[in-house]
There are 2 protein chains.
Amino acid sequence: MKTARNTTAKTAVLEIFGKSKIALSHTEIYKQIEDVCDRVTVYRILDRLVNDDIVHKIVDLDGTVKYAKCHHHAQRVHIHNHAHFSCEKCLEITCLENVKPSYIMPHNYKVNNINFTLSGLCPNCLNSNI
Amino acid sequence: MKTARNTTAKTAVLEIFGKSKIALSHTEIYKQIEDVCDRVTVYRILDRLVNDDIVHKIVDLDGTVKYAKCHHHAQRVHIHNHAHFSCEKCLEITCLENVKPSYIMPHNYKVNNINFTLSGLCPNCLNSNI
DNA sequence: AACTAATTGCAACATTGTTGCGATATTATT
DNA sequence: AATAATATCGCAACAATGTTGCAATTAGTT
Ligand SMILES: [Zn+2]
Ligand SMILES: [Zn+2]
Ligand SMILES: [Zn+2]
Ligand SMILES: [Zn+2]
């Protein structure tokens with residue numbers, strides 16, 4: 001049993017997540033705190049935050065990896081089965097916490113987790129497109 | 001208008017896709033034909049096959065990129081909106097051509113494409129698990 | 001203050017994918 | 001069959017992203 005520590009770098013990363021409404025990549029996070037710590041440290045902090053269920057990892061349609069803070073509501077059990085929206089124009093990824101797909105699976109598969117990502121135009125880009 | 005050519009390398013790649021029931025990564029393909037052509041050639045062939053709608057690109061939950069042959073049925077319009085299954089044990093990715101999710105989106109989003117990937121145990125690994 | 005273990009920095013490495021360019025091979029044309 | 005046009009290839013070099021080992025640092029505890 002290891003006890004997590006509150007380090008300067010970890011605090012900086014959490015502050016960035018607190019300010020952001022969208023999902024962020026390792027590079028985007030690192031650029032904001034390159035004077036605080038090393039690249040590798042950011043990777044390791046993100047790993048730990050994912051393991052501790054404080055942040056979840058999202059893989060975009062093109063393979064880009066991003067991270068977003070989890071919203072734990074009042075639920076005891078915390079599962080990241082919500083959908084994500086990937087804007088083709090501004091490339092932002094947003095959590096769609098309330099969008100949950102329904103589907104019918106063939107037999108003989110055991111589904112443990114799902115990943116549902118939609119792409120297109122986000123509200124911002126849709127409006128500026130008129 | 002450029003006319004595609006049938007080269008040795010392209011034929012080799014298509015043969016591999018013909019034999020495989022599951023999606024394949026660039027590396028998996030290249031390993032089978034490294035005496036035929038260069039790594040870069042495999043990348044370029046895959047790009048072209050995707051553009052020509054002969055193969056489709058799949059990004060796994062962990063960011064792994066794979067490719068699978070398209071099944072064009074009798075439909076005129078060809079859209080890759082089917083789901084994929086990613087086995088957590090054998091790591092194989094399978095196309096679930098008939099699984100299509102239904103969902104409700106918030107307003108102000110324009111959805112152009114969806115990516116729906118389920119993970120868990122495939123029929124093979126489920127049986128060998130008993 | 002001293003101790004313990006989590007965390008960090010750095011360097012080195014691995015994997016995956018891209019680009020430029022001269023050489024080669026395929027296809028259509030004569 | 002020879003020629004011409006150009007799609008494709010090989011190679012080398014580069015870029016982006018992520019990982020690992022290990023010694024040094026630092027946070028939390030006693
Ligand atoms: Zn947008
Ligand atoms: Zn999310
Ligand atoms: Zn399996
Ligand atoms: Zn598929």
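Chain A is the first sequence line, chain B the second, and so forth, proteins listed ahead of strands; every chain is numbered from 1. What you see below is based on every heavy atom in this structure, not just the backbone, and it leaves out hydrogens, waters and symmetry mates.
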>> I'd like to compare against my own output: the B/S/- annotation of nucleotides 18-30 of chain C with a strict under-4.0 Å heavy-atom distance to protein.
In response: BBB----BBS---
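The side chain of T27(B) contributes no N or O atom lying less than 4.0 Å from OP1 or OP2 of dT15(C).
Here N127(B) contributes atom CG and L121(B) contributes atom CG; the two are 10.5 Å apart, rounded to the nearest 0.5 Å. One distance of note links CG of L49(B) with CG of L14(B); it measures 5.5 Å at 0.5 Å rounding.
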> What's the verdict on side chain to side chain contact (heavy atoms under 4.5 Å, CB included) for H56(B) and H84(B), showing C-alpha distance, side-chain angles and the deciding distance?
Replying inline: CA-CA 12 Å; H56(B) 63 284; H84(B) 293 106; 3.2 Å; yes
> Can you check side chain to side chain contact (heavy atoms under 4.5 Å, CB included) on I33(A) and V42(A), steps first, answer last?
Replying inline: CA-CA 9 Å; I33(A) 52 171; V42(A) 175; 4.0 Å; yes
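Q32(A) places no side-chain N or O within 3.5 Å of a backbone atom of I29(A) that could act as its donor or acceptor partner. A donor-acceptor distance shorter than 3.5 angstrom exists from the side chain of D38(B) to the backbone of V40(B), with no hydrogens or angles considered. In this structure, S20(B) contributes its side chain and I16(B) its backbone to no donor-acceptor pair below 3.5 Å.
In summary, contact between chain B and DNA chain D, defined as any nucleotide atom under 4.0 Å from a heavy atom of the protein, begins and ends at dA5(D) to dA12(D) in the 5' to 3' direction.
In this structure, the side chains of V99(A) and M105(B) come closer than 4.5 Å at one or more pairs of heavy atoms.
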List, one per line, each side-chain donor-acceptor pair under 3.5 Å for residues 62-70 of chain A, sequence neighbours excluded.
residue	atom	partner	partner atom	Å
D62(A)	OD1	T64(A)	N	3.1
D62(A)	OD1	T64(A)	OG1	2.7
D62(A)	OD2	T64(A)	OG1	3.1
K66(A)	NZ	L91(A)	O	3.2

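Remark: P of dT8(C) and OH of Y30(A) are 13 Å apart, rounded to the nearest angstrom. Atom CG in D35(A) sits roughly 16 Å away from atom C1' in dT8(C) (whole-Å rounding). With rounding to whole Å, L46(A) atom CG is found 11 Å from dT8(C) atom P. When the P atom of dG17(C) is taken as reference, atom CD1 of I29(B) falls 11 Å away, rounded to whole Å.
Pairs passing the ring-ring contact (aromatic ring centres under 6.0 Å, His included) check and including a residue from residues 1-38 of chain B, sequence neighbours excluded, read H26(B)-Y43(B). Residue pairs satisfying the ring-ring contact (aromatic ring centres under 6.0 Å, His included) criterion with at least one member in residues 105-125 of chain B, sequence neighbours excluded, are listed as follows: F85(A)-Y109(B), Y103(A)-F116(B), F116(A)-F116(B).
Residue contacts for V42(A): at a heavy-atom cut-off of 4.0 Å it reaches no nucleic acid atom on any strand shown.
Along DNA chain D, the nucleotide nearest to K2(B) and the one nearest to T41(B) differ in position, and the one closer to the 5' end is contacted by K2(B).
Axis deviation across the helix from dA1(C)-dT30(D) to dT30(C)-dA1(D) amounts to 30°, comparing end segments of five pairs, rounded to 10 degrees.
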